[in-house]
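Naming: A, B, ... by sequence-line order, numbering from 1 per chain. The shown structure was predicted, so the numbers you read here are calculated from the model rather than taken from an experiment.
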Number of protein chains: 2
Amino acid sequence: MATRTRRSQRRTDALSRERIVEAAVELLDTAGESGLTFRALTERLATGPGAIYWHVANKDELLAAATDAVVTAAVTVGSAAGAPQSPSDRSDGPHESDGPGESGTPASPQDGIRVVALGLFDAIVRHPWLATQLATQLSRSPWGTVTPRIFESIGQRVRALDVPESSWFTVTSALVHYVLGAAGQNAVNGAIGRALPPGVDRAGFLDSVSTAWEELDPDEFPFTRAVADQVRGHDDREQFLDGIDLVLAGITATHNRQDGPDSTPRAQE
Amino acid sequence: MATRTRRSQRRTDALSRERIVEAAVELLDTAGESGLTFRALTERLATGPGAIYWHVANKDELLAAATDAVVTAAVTVGSAAGAPQSPSDRSDGPHESDGPGESGTPASPQDGIRVVALGLFDAIVRHPWLATQLATQLSRSPWGTVTPRIFESIGQRVRALDVPESSWFTVTSALVHYVLGAAGQNAVNGAIGRALPPGVDRAGFLDSVSTAWEELDPDEFPFTRAVADQVRGHDDREQFLDGIDLVLAGITATHNRQDGPDSTPRAQE
DNA sequence: ACCTGAACACCGTTCAAGT
DNA sequence: ACCTGAACACCGTTCAAGT
C-alpha cells in the first residue's frame with residue numbers, strides 16, 4: 001500500500017548513501033522496526049552487506065540518517081505543495097505530502113507553530129517507527145542534527161511571539177517537549193490498519209481502548225474509568241491542537257499579561 | 001555504582017517472574033538497553049534460558065514488565081519516604097528513592113501534579129532506557145497497564161483543579177504528553193557519568209552542546225545559535241518545572257478566567 | 001574507489017529431556 | 001510444575017578478495 005515505484009530488478013545505477021537511506025525508510029514504513037535488517041536491505045538493493053557498510057558506518061547511523069531525512073522533510077516549511085494550508089481547516093486522517101508548506105496566507109506565529117507541530121505529528125503517524133527513533137536519537141545525542149532542526153523550526157516562531165529573549169529557550173523547549181510527547185504517544189494511529197486485523201478500523205480501535213479502560217480496577221483507576229468514555233469519539237489531531245493551544249495560552253498568560261491582544265485563538269466550531 | 005547487594009552465587013531460592021524482572025531492571029540500569037540479553041540474564045540468575053521462558057513469554061513482555069515496575073514505583077505517591085517533599089524545595093541532581101512520597105503538607109492540585117511529574121522525570125533520569133521503552137510501550141498498546149497508570153496519577157490531580165469534566169481527558173492528555181516528551185528528551189542526563197568519559201561532567205557536557213549549537217550554519221539555524229548560550233547554565237529540573245507551569249497557566253487561563261484565585265504560582269527565587 | 005559474499009560472534013527462542 | 005541446556009534460525013559486522 002505504500003510506494004509502488006521501483007522494484008528489486010535495478011542492479012544498474014550506482015549505490016549511494018542516499019539510496020540506502022531511502023530504502024531503509026521504505027523498509028521501516030512497510031515492515032516496521034524489526035523489518036529493517038541488512039539482509040532485507042541487501043536484497044532490496046540487490047547488493048551485499050559490504051557494499052552498504054561502505055556508505056554507512058553501522059545500523060545506528062543508518063537509523064539516525066533515516067530519522068533525520070524524515071524529520072527534515074516534515075519540519076521544513078515552504079517547500080512542497082498540497083500540504084495543510086492552515087491548521088484551522090481541520091481534516092481528518094493524515095495528510096499525504098511529507099512537508100507542510102505555508103502556501104499563501106501569512107500566518108500568525110501561533111498558526112506557524114500549529115503548522116510545524118502538525119507536520120511533525122503527521123510524520124509520526126505516517127512513520128510510526130519515528131516515535132521510538134526520536135526518543136533514541138534525542139536522548140542519545142542533542143549534538144546531532146535532528147534536535148536542532150526541530151528546535152529551530154519551532155523557535156523561529158517563538159521569536160515572533162512577544163516573549164522576552166531570556167525565555168526563548170524555556171518556552172521553545174516546552175513546546176518541543178509537548179509536541180514530541182504527544183506525537184510519540186499517537187504513533188499508534190499509524191499502526192492502525194497496518195498491524196491491526198483488517199475489519200477493526202479506527203472507531204473499533206478507540207472503542208476497544210475505551211472498553212479496556214472501563215474494565216480497570218475501580219479502586220486503582222477511578223479517574224481513568226471516568227474519562228474512558230471520552231476516549232471513544234475523540235479526534236487525535238483535534239486533541240493534539242487543543243494541547244498546543246493550552247501551551248500557547250500559558251505562554252501569553254505568563255509573558256504578556258498587560259500587553260497586546262493576547263494570541264489568536266483558533267476558530268472553534 | 002548501582003546496587004551492591006546480591007551477587008551471582010545464589011542458585012538457591014526459587015526463580016520467579018518478580019526476580020527476573022528485578023534482574024532485568026538492574027541489567028538495563030547497569031549495562032544499558034543492549035546489555036539486557038537472555039544470556040546475561042541466565043548468568044546473573046544462574047539458570048538456563050528455558051527457565052526464564054517458563055515465567056515470561058518473550059523479551060518484549062519482559063521489557064514491558066520492567067517498564068511497568070519502574071513506572072509504578074515512580075508514579076505511586078504516598079509510599080516511600082525521603083523523596084521530594086514539595087517541588088518548591090529545588091535540589092539539583094536526581095533523587096535517590098524510587099517513589100515520590102507526599103510526606104506532610106497537603107499540597108495543592110498544582111503541586112501534586114508537579115510532584116508526580118518530577119517523579120517520572122527523575123525515574124527517566126535514573127533509568128535512561130525508560131525513555132525509549134515508554135515510547136515503545138505507549139505507542140504500541142494503550143491497553144497495557146503503563147499508560148493508564150501515568151494517566152491516572154496525573155488525572156486525579158486534574159480532577160481537583162476546577163476544570164469542567166468535559167475537558168478532563170484533553171487537559172490530562174496534554175499534561176501527560178508534555179511530561180513524557182520532556183522527560184524523554186532529558187534522559188541524556190542519566191547517561192552522563194555513565195557513558196560519557198570521566199572528567200567530562202555535567203557542566204562540561206552542557207558546554208559541549210552549547211558550543212556545538214553555536215557552530216551550526218547561521219543561515220539554517222539562526223534561532224538555535226541565538227539561544228545556544230542559554231543552554232550552558234540551565235537546570236533541567238528547573239526548566240522542566242517551568243514547562244509544567246506554562247501548561248498549568250494555560251489550563252487556568254483557558255478554563256477559569258473569571259473565577260477563583262487562579263493557580264498557586266510556585267515560589268520564584 | 002567501490003563492491004562481493006563467505007565467515008564469525010552473538011542473539012532470541014524452542015524443545016526434548018530431566019526432576 | 002518447574003528447570004536444564006543443546007540446538008536452530010537469524011542478526012549485525014568483518015574482511016580477504018575482486019574490479
In whole Å, I'd like the distance from the [atom1] atom of [X] to the [atom2] atom of [N].
X: A:Glu33; N: D:dG12; atom1: CD; atom2: P; value: 12 Å
X: B:Asn58; N: C:dG12; atom1: CG; atom2: C1'; value: 9 Å
X: B:Glu43; N: C:dC10; atom1: CD; atom2: P; value: 13 Å
X: A:Tyr53; N: D:dA17; atom1: OH; atom2: C1'; value: 19 Å
X: A:Trp54; N: D:dT14; atom1: CH2; atom2: C1'; value: 14 Å
X: B:Leu27; N: C:dC11; atom1: CG; atom2: C1'; value: 14 Å
X: A:Phe38; N: C:dC3; atom1: CZ; atom2: C1'; value: 15 Å
X: A:Leu41; N: C:dG5; atom1: CG; atom2: P; value: 16 Å

Output the single nucleotide from [options] whose closest atom is nearest the side chain of [X].
X: A:Arg39; options: C:dG12, D:dC11, C:dC3; value: D:dC11
X: B:Thr47; options: C:dT13, C:dC3, D:dC3; value: D:dC3
X: A:Pro49; options: D:dC3, C:dC3, C:dA6; value: C:dA6

Below 4.0 Å: OP1/OP2 of C:dC3 and any side-chain N or O of A:His55: yes

Neighbour count above 12 (heavy atom, 6.0 Å) for A:Glu33 CD: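 Yes.
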
Check ion pair B:Arg237-B:Asp122 (N to O, under 4.0 angstrom):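 Yes.
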
Short N-O contact, B:Arg44 and B:Glu26, less than 4.0 angstrom: yes

Pairing nucleotide - C:dC2, Watson-Crick or G-U, each distance under 3.5 Å: D:dG18

Counterpart base for D:dC10, defined by Watson-Crick or G-U wobble contacts under 3.5 Å: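 Pairing partner: none.
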
Sugar-phosphate only, base, or nothing, as touched by A:Ile52 at under 4.0 Å among non-hydrogen atoms: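 Contact class for A:Ile52: none.
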
Sugar-phosphate, base or nothing in reach of B:Leu36, heavy atoms under 4.0 Å: sugar-phosphate

Ring centres under 6.0 angstrom apart (A:Phe240, A:Phe121): yes

Aromatic ring proximity, centroids under 6.0 angstrom, A:Phe151 and B:Trp213: yes

P atoms of D:dA17 and C:dC2, separation to the nearest Å: 22 Å

First encountered from the 5' end of DNA chain D, between B:Ala51 and A:Ala51: B:Ala51

